[in-house]
Amino acid sequence: MSGVAHDPAALDLAAIDAAARLLEQGKLVALPTETVYGLGADAENPDAVARIYQAKGRPQDHPVIVHVAPDADLAYWATDIPAEAGQLAAAFWPGPLTMILKRAANIPDAVSGGQDTVGLRCPSHPVAIALLQAFKGGRGGVAAPSANKFGHVSPTTARHVIDEFGADGTVDAVLDGGQSAVGIESTIVDLSRLATHGPVLLRPGHISAEAIAAVIDAMPAAPDAAAPRASGTLESHYAPHTPVAMQASAGIGDTLARLKNAGKKVALIHYSHFPDVFAENQLPTSPEGFAHALYAALRAMDAAGADLILVEAPPQDDAWLGVNDRLRRAAHGSTGIVHGLLNHEPFS
């Protein structure tokens with residue numbers, strides 16, 4: 001793995017330009033965004049996009065998001081573009097919003113998992129913007145799902161990317177832009193079926209359904225059976241190797257004591273104060289602060305050699321929707337883990 005720009009305080013234009021040339025050659029470049037780090041390739045090069053799928057172990061029918069520069073021509077990437085897409089782009093781009101639109105005929109289906117739609121986003125991270133402007137003179141698009149093995153915890157630092165892929169040459173360059181500010185993936189809204197289904201919220205994130213509705217005067221609906229497939233929407237996703245369980249605040253103290261007595265090692269991620277628990281395991285009490293720190297905490301706890309990562313369940317109000325979505329997927333398949341550990345039952 002080469003080409004790492006280590007100074008997030010200032011743009012390393014030489015490293016960014018070198019990364020743009022690598023993308024133009026069909027190589028893979030990990031880039032920082034305000035949400036998480038992405039594993040990028042030329043969206044119009046099917047062979048390059050195929051390298052993303054191979055590197056991640058990603059199912060071929062699971063679409064990727066195309067990242068474009070701030071002044072990108074949406075009509076090059078999509079067709080039948082509704083006015084609402086322009087309104088949302090004006091309100092939230094650059095930023096953590098992905099729009100699903102009908103894919104233009106000139107865009108290969110490699111980025112869409114074989115669907116007739118395409119996911120488009122303009123990130124706000126200055127390194128990502130500089131790379132997109134340098135790549136093909138700002139006219140290209142970078143397909144960039146999260147820079148991790150498929151289904152694992154997304155990276156929010158360059159170090160996470162390097163830890164994930166090692167130095168085996170899978171990734172040709174890593175651009176370091178510091179820790180991602182948002183910390184969870186973008187909101188995804190489907191506008192491809194607006195006339196028949198209205199807007200549909202495929203994945204919650206930093207930009208809420210209410211914020212979208214305030215711009216386009218229509219509240220996004222929940223996904224229906226015919227909704228397009230989108231990134232990060234499988235039931236099991238964002239998961240560390242260590243099993244994850246969520247529990248309400250009131251029961252955590254008793255669970256910790258019982259697991260300790262059972263000889264089990266537990267890593268706790270929490271926002272409330274619990275006696276005998278190190279303060280550095282405590283995340284901020286705001287949904288924005290919690291989201292910013294969550295993936296780094298999951299990765300750190302995953303490396304702690306614990307039998308279980310126990311997460312204090314966040315509040316269930318709308319402000320926490322994105323965080324709860326990620327935690328629910330991370331814990332999917334681990335139902336009953338606490339019970340099993342307490343009763344000396346093996347878990348799968």
Side-chain angles (χ1 to χ4, degrees), residues 33-36 38 62-65 67 84-85 87-89 91-101 117 119-124 144-146 148 151 153-154 156 180-194 197-239 244 246 269 271 283-295 297-298 311-332:
T33 80
E34 74 282 10
T35 57
V36 300
H62 203 61
V64 295
I65 293 169
H67 296 66
E84 287 84 349
Q87 294 165 1
L88 289 174
F92 299 118
W93 281 9
L97 178 71
T98 295
M99 294 187 289
I100 306 297
L101 300 168
T117 53
L120 297 172
R121 177 166 106 79
C122 176
S124 65
S146 57
N148 54 275
V153 180
S154 299
T156 54
S180 298
V182 174
I184 60 173
E185 299 77 6
S186 62
T187 302
I188 300 179
V189 61
D190 176 30
L191 302 178
S192 69
R193 306 170 303 153
L194 203 60
H197 291 77
V200 176
L201 184 68
L202 300 183
R203 181 175 71 186
H206 182 72
I207 295 173
S208 68
E210 290 77 12
I212 292 170
V215 173
I216 62 174
D217 198 28
M219 179 64 71
D224 56 278
R229 297 185 304 278
S231 295
T233 55
L234 298 181
E235 281 304 303
S236 179
H237 218 80
Y238 315 116
V244 175
M246 283 195 291
I269 294 177
Y271 54 91
L283 302 192
T285 57
S286 69
E288 296 82 8
F290 194 100
H292 171 74
L294 175 60
Y295 286 163
L298 282 173
V311 181
E312 180 183 10
Q316 296 300 302
D317 58 64
D318 288 345
W320 289 86
L321 187 61
V323 167
N324 277 309
D325 172 81
R326 305 315 191 270
L327 286 174
R328 177 180 62 80
R329 297 180 196 277
H332 183 77

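Residues H292 and V182 fail the side-chain proximity criterion, which asks for heavy atoms closer than 4.5 Å. Between E312 and M246, every side-chain heavy-atom pair lies at or beyond the 4.5 Å cut-off. In this structure, T187 and P96 have side chains that are not in contact, with every pair of non-hydrogen atoms separated by 4.5 Å or more. Residues L327 and P314 meet the side-chain proximity criterion, which asks for heavy atoms closer than 4.5 Å. Between I100 and L191 the shortest side-chain heavy-atom distance does not fall below 4.5 Å. Side-chain atoms of I269 and V244, non-hydrogen and from C-beta on, never get closer than 4.5 Å to each other. By the 4.5 Å heavy-atom criterion applied to side chains, S180 and T35 are not counted as neighbours. No side-chain heavy atom of L294 sits under 4.5 Å from any side-chain heavy atom of V311.
Ring geometry, Y295 versus Y238: the interplanar angle falls under 30°, so the pair is classed parallel (tilted spans 30 to 60°).
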>> Could you go through L88 and I216, starting from their C-alpha distance and side-chain angles, then the distance that decides it, and tell me whether this counts as side-chain contact (heavy atoms from CB on, under 4.5 Å)?
In response: CA-CA 7 Å; L88 289 174; I216 62 174; 3.7 Å; yes

>> For a side-chain contact (heavy atoms from CB on, under 4.5 Å) check, start with the C-alpha distance between E34 and H206, then their side-chain angles and the critical distance, and finish with the verdict.
In response: CA-CA 10 Å; E34 74 282 10; H206 182 72; over 6 Å; no

>> Evaluate V323 against R328 for side-chain contact (heavy atoms from CB on, under 4.5 Å), listing each step before the verdict.
In response: CA-CA 9 Å; V323 167; R328 177 180 62 80; over 6 Å; no

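The closest donor-acceptor contact from the side chain of R203 to the backbone of S231 lies under 3.5 Å. Between the side chain of Y271 and the backbone N or O of P287 there is no donor-acceptor pair closer than 3.5 Å.
There is a side-chain donor-acceptor pair under 3.5 Å between T98 and S186.
Taken to the nearest 0.5 Å, the CD atom of E288 stands 9.5 Å off from the CD1 atom of I184. The CG atom of L298 sits 10.0 Å away from atom OG of S154, with the distance rounded to the nearest 0.5 Å. To the nearest 0.5 Å, atom CD of residue Q87 and atom CD of residue E84 are 5.5 Å apart. Here the straight-line distance linking atom CD1 of I212 with atom CD1 of I207 works out to 7.0 Å at 0.5 Å rounding. A distance of 14.0 Å separates CH2 of W320 from CG of D325, quoted to the nearest 0.5 Å. Atom CE of residue M99 and atom CD1 of residue I65 lie 11.5 Å apart, to the nearest 0.5 angstrom.
Residue-environment remark: CG (D317) exceeds the threshold of 12 foreign heavy atoms within 6.0 Å.
Ionic pairing of D190 and R229 is not present here: no N-O contact between side-chain nitrogen and carboxylate oxygen is shorter than 4.0 angstrom. Look at E185 and R121 and you find no salt bridge, because none of the NZ, NE, NH1 or NH2 atoms lies under 4.0 Å from a carboxylate O.
Residue P220 comes nearest to A209 through the heavy atom pair CD-O, 3.5 Å, listed as atom of the first residue, atom of the second, then distance. Across all their heavy atoms, V36 and G183 have their closest contact at CG1-O, 3.9 Å. In this structure, A330 and A239 approach most closely via the heavy-atom pair O-CB, 3.7 Å. Taking all atoms of both residues into account, the shortest heavy-atom contact from V200 to A222 is CG1-O, 3.7 Å.
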